[in-house]
Each structure stands twice: as structure tokens, then as C-alpha cells.
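Encoded as C-alpha cells, the structure appears first; notes follow it.
Chain identifiers are assigned alphabetically (A, B, ...) following the order of the sequence lines, protein sequences preceding nucleic acid strands; residue numbering begins at 1 within each chain.
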Protein chains: 2
Amino acid sequence: MKNRLKVLRAENDYTQEDLAEFIGVSRQTINAIEKGKFDPSLPTAFRISKFFKLPIEDIFDYEEG
Amino acid sequence: MKNRLKVLRAENDYTQEDLAEFIGVSRQTINAIEKGKFDPSLPTAFRISKFFKLPIEDIFDYEEG
DNA sequence: AAATAATGTAAATAACACTTTACATTAAAA
DNA sequence: TTTTAATGTAAAGTGTTATTTACATTATTT
């Protein structure tokens, strides 16, 4: 699953550390999500969504396969 | 996190078994999600979302706390 | 160029999502 | 009312999400 986290962070001028604190996860978790190492849990996705004031679908791109 | 799975299933006349097969998880997983035992993973939430043709936000209700 | 901030990555561990098997309860149909 | 379908639940196991600590690399500032 792809995501626009890095771009959204850049647009709003946040570091991975900043975002991690706001969302309530570790910096490594944000990094791993950005790098596509794993997908966030649904609760984490919701927090990211609310933080950027964007629907989950506008941040995460699910493609079947 | 609350969800409208049971209602959506009823509206479309699907059993937990039906939904489980369509989504690609076990019936117990659907049951557990409905019963609030745990939240689905983001990929599973996306599959449910696409199946019902509704945004994730219209199916799952995240409340902070 | 040297110091500092930001990011990438890894190992060990904990917590959670999900599976299978199995059985009990509830609802619906014959 | 007896059978069958649907749902609820539990235990044991697997894989994934997230944590902490720690260090290396890449940018940015000074």
C-alpha cells in the first residue's frame, strides 16, 4: 500500500519526529510506514487522517493483488 | 472503534460467512470485528470499504481517548 | 569544515490481527 | 419440534504492527 505521508509532511513542514509525537507513535514507526515496510493499524491510520484533515483514502492508496 | 458492519451486512443480506469469503478473512475475524474484539488491519478495512462501496470513515467510527 | 538535525536501518521484544479447530448458543426453516 | 443455518466464543498458534535502544548515513546550519 502506497501513501502520501512524506509529501504531506513536507507540505506542512513537519519532521518524522514531529508527526510521530502528534500521532502518538515512535519516529521509527512513521519512517517504516513512509518506507513501505508495513501498513499502519486502522487506529493509527485514523489519527494520521484526522491530523492532516484528509480522509484515509486520500492518504493511503490500497491496490489489490 | 465502532463499526456498521452488522447493519451493512443486514442491508445487503450477507451472512458473516459470506462477507468473510468476499473479504478474504475467516468468519471468526468478521465476528470479532463486529463484536469489537479488535479492529481490522488497514488492508482489511480497505477491502471491506471497497466491498460495500463506502469510504472507510462511513463504516468505521474512530473516537479518540 | 565542523556541529547539529533529520532520516535510515537493525535487533529484540511486546502487542495485536488473524487463522484453524472446535464446540455452544441462538434463530430460522422444515 | 427437530433439523439446519447463523452466530458467539475459546484456545493455540502464526504473522504483522509497533516499541525501545542504538548506531550509521544524509542534510542542513553555523
Side-chain angles (χ1 to χ4, degrees):
Chain A
M1 178 144 39
K2 292 173 184 172
N3 69 74
R4 307 207 314 119
L5 237 66
K6 190 173 177 176
V7 173
L8 290 170
R9 255 195 327 105
E11 284 175 0
N12 296 84
D13 206 40
Y14 297 127
T15 67
Q16 292 184 343
E17 178 84 53
D18 291 336
L19 185 55
E21 280 174 22
F22 286 130
I23 300 307
V25 296
S26 70
R27 177 181 67 81
Q28 286 81 347
T29 290
I30 296 297
N31 186 14
I33 294 167
E34 281 190 9
K35 288 275 151 186
K37 298 216 170 172
F38 52 71
D39 299 320
S41 69
L42 186 55
T44 297
F46 261 105
R47 278 185 239 112
I48 292 170
S49 163
K50 293 211 167 175
F51 181 71
F52 286 116
K53 297 190 173 67
L54 287 172
I56 289 176
E57 287 82 356
D58 284 10
I59 303 176
F60 298 93
D61 176 39
Y62 179 71
E63 32 199 327
E64 1 233 322
Chain B
M1 177 145 38
K2 293 174 184 173
N3 69 74
R4 306 207 312 118
L5 237 65
K6 189 173 178 177
V7 173
L8 289 170
R9 255 195 328 106
E11 284 175 358
N12 297 84
D13 206 39
Y14 297 128
T15 66
Q16 292 184 343
E17 178 84 52
D18 291 336
L19 186 54
E21 280 173 23
F22 286 130
I23 301 308
V25 296
S26 70
R27 178 181 67 80
Q28 286 80 348
T29 291
I30 297 297
N31 187 9
I33 294 167
E34 282 190 9
K35 288 276 151 186
K37 297 213 171 176
F38 52 72
D39 299 320
S41 69
L42 186 56
T44 297
F46 260 104
R47 279 185 239 114
I48 293 170
S49 164
K50 293 211 166 175
F51 180 71
F52 286 116
K53 297 190 173 69
L54 288 172
I56 290 176
E57 287 82 356
D58 283 11
I59 303 176
F60 299 93
D61 176 37
Y62 181 70
E63 33 199 328
E64 0 233 322

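The interatomic distance linking B:Arg27 (CZ) with C:dT21 (P) rounds to 13 Å, in whole Å. If you take CD of B:Gln16 and P of C:dT19, they are 13 Å apart, rounded to a whole angstrom. In this structure, the CD atom of B:Glu21 is 12 Å from the P atom of C:dT20, given to the nearest Å. The CZ atom of A:Phe38 sits 18 Å away from the C1' atom of D:dT14 (whole-angstrom rounding). Atom pair B:Met1:CE and C:dA17:P shows a separation of 9 Å (rounding to whole Å applied). Rounded to a whole Å, the CD1 atom of A:Ile33 is 13 Å from the P atom of C:dG8. Protein atom CD1 of A:Ile30 is 8 Å distant from nucleotide atom P of D:dT19, rounded to whole Å. As a whole-Å value, the separation of A:Glu34 CD from D:dT26 C1' is 15 Å.
Side chain of A:Arg9 to main chain of A:Tyr14: a donor-acceptor pair is present (N/O by atom type, distance under 3.5 Å, no hydrogens or angles). Checking side-chain atoms of A:Asn3 against main-chain N and O of A:Ile33 turns up a donor-acceptor pair under 3.5 Å. With A:Asp18 contributing its side chain and A:Thr15 its backbone, the two residues share a donor-acceptor pair below 3.5 Å.
Mapping B:Pro43 and B:Arg9 onto DNA chain D by nearest heavy atom places B:Arg9 at the nucleotide closer to the 5' end.
For C:dT7, the OP1/OP2 oxygens have no side-chain nitrogen or oxygen of A:Lys6 closer than 4.0 Å. A close approach under 4.0 Å does occur between a side-chain nitrogen or oxygen of B:Thr44 and OP1 or OP2 of C:dC18. Considering only side-chain N and O atoms, A:Lys37 lies under 4.0 angstrom from the phosphate OP1 or OP2 of C:dA10. The phosphate of C:dA17 (OP1 or OP2) has no side-chain N or O of A:Ser41 nearer than 4.0 angstrom. Between A:Asn31 and C:dT7 there is no side-chain polar atom (N or O) within less than 4.0 angstrom of OP1 or OP2. Close to D:dT19, at under 4.0 Å from its OP1 or OP2, lies a side-chain N or O of A:Thr29.
When all heavy atoms are compared, the tightest approach of A:Glu34 to A:Leu5 is CG-CB, 3.7 Å.
Between A:Asp58 and A:Phe52 the shortest side-chain heavy-atom distance does not fall below 4.5 Å.
As judged by a 4.0 angstrom heavy-atom cut-off over every strand, B:Thr15 is placed among residues touching the sugar-phosphate backbone only.
Residue-to-nucleotide contacts include no donor-acceptor pair under 3.5 Å from the side chain of B:Gln28 to the base of D:dT7.
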